[in-house]
*Asks:* 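One structure follows; several queries about it will come next.
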Amino acid sequence: PLGTGGCLALIPEPLDDPLIVVNGDLVTQCDVGQLLDFHADGGFAATLGVRPHAVEVPYGVVHACDGRLVGLAEKPSYQILINAGVYVISPDTIKLVPRNEEHPITDLFESCLQHGFPVGVFTLEQEWVDVGRHEDLRRARGDQ
């Protein structure tokens, strides 16, 4: 009921070290040491683990400006970064989480940005599978 981040406000005492939070529907070989080193070296309030993801558009994409064609791209593929559901939260950052309220962890990252706190983006290069859908879980198990 508290969302993916609201439970952080339940931590009973202040932490001395950063906290790693991982979504429960992941299978990953994330190098935690590299992630924590990146977070510490950058002096980040929070670090978001990301993965590259290709988005393929099955249509021709039209680029227009003021009603005029300026370019065409036939069935392009775009590389974007997605939230990989792996996070590092510095102890002081947890204070931004409201008590006894539903709070998505992504809202914590938005709060960091609003307060001007530095937020790191760490690319997970090791194996990573989101198993939140049945077909993905079967694939991760090797059932397919």
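Every value quoted in this text rests on a predicted model; they were computed, and no experiment measured them.
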*Asks:* To the nearest 0.5 Å, how far apart are CD1 in Ile89 and CG in Asp17?
*Replies:*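 It comes to 14.0 Å.
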*Asks:* If you round to the nearest 0.5 Å, how far is CZ of Phe117 from CG of Leu108?
*Replies:*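 Interatomic distance, Leu108 CG to Phe117 CZ, rounded to 0.5 Å: 10.0 Å.
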*Asks:* How long is the straight-line distance from CZ of Phe109 back to CG of Leu96, given to the nearest 0.5 Å?
*Replies:* 11.0 Å
*Asks:* Around atom CD of Glu102, are there more than 12 heavy atoms of other residues, nucleotides or ligands at under 6.0 Å?
*Replies:*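 Yes, the 6.0 Å shell around CD holds more than 12 heavy atoms from other groups.
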*Asks:* Taking all heavy atoms of Leu72 and all of His63, pick out the closest pair and write down the distance.
*Replies:* N-CD2, 4.3 Å
*Asks:* So, Thr93 side chain and Ala45 main chain: donor-acceptor pair closer than 3.5 Å or not?
*Replies:* yes
*Asks:* For residues Thr47 and Phe122, report the shortest heavy-atom separation together with the two atoms involved.
*Replies:*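 Scanning both residues completely, I find the closest heavy atoms to be CG2-CB, 3.9 Å.
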*Asks:* What is the minimum heavy-atom distance between Gln79 and Pro52, and which atoms define it?
*Replies:*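 Of all heavy-atom pairs spanning Gln79 and Pro52, the closest is OE1-CB, 3.8 Å.
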*Asks:* Work out which heavy atom in Ile94 is nearest to a heavy atom in Leu8; give both atom names and the distance.
*Replies:*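 Heavy atoms only, the tightest pair is CG2-O, 3.5 Å.
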*Asks:* Do the side chains of Leu113 and Leu81 join up, straight or via other hydrophobic residues, at under 4.5 Å, putting them in one cluster?
*Replies:*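 Linked, Leu113 and Leu81 end up in one cluster.
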*Asks:* Between Leu10 and Leu2, is any pair of side-chain heavy atoms under 4.5 Å apart?
*Replies:* yes
*Asks:* Do Val86 and Ile80 land in one hydrophobic cluster if side-chain heavy atoms of ILVMFWY residues count as linked below 4.5 Å?
*Replies:* yes
*Asks:* If every non-hydrogen atom of Leu15 is compared with every non-hydrogen atom of Pro91, which pair is closest and at what distance?
*Replies:* O-CB, 3.3 Å
*Asks:* Atom NE2 of His103 and atom OG1 of Thr4: how far apart are they, to the nearest 0.5 Å?
*Replies:*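 It is 8.5 Å, given to the nearest 0.5 Å.
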*Asks:* Looking only at non-hydrogen atoms, find the nearest pair between Val119 and Cys112 and report the distance.
*Replies:* CG2-CB, 3.6 Å
*Asks:* Backbone N or O of Ile82 within a donor-acceptor pair of the Arg51 side chain at under 3.5 Å?
*Replies:*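 Checked: no pair found.
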*Asks:* Kindly work out whether a path of hydrophobic side-chain contacts (I/L/V/M/F/W/Y, heavy atoms less than 4.5 Å apart) joins Val121 to Val22.
*Replies:* no
*Asks:* Do Ile11 and Leu19 touch side chain to side chain, with heavy atoms closer than 4.5 Å?
*Replies:* yes
*Asks:* Side-chain heavy atoms nearer than 4.5 Å, only ILVMFWY residues, links allowed to pass through others: does that put Val21 and Leu124 together?
*Replies:* no
*Asks:* If hydrophobic clusters are built by linking Ile, Leu, Val, Met, Phe, Trp and Tyr wherever their side-chain heavy atoms come under 4.5 Å apart, do Phe44 and Tyr87 end up in the same one?
*Replies:* no
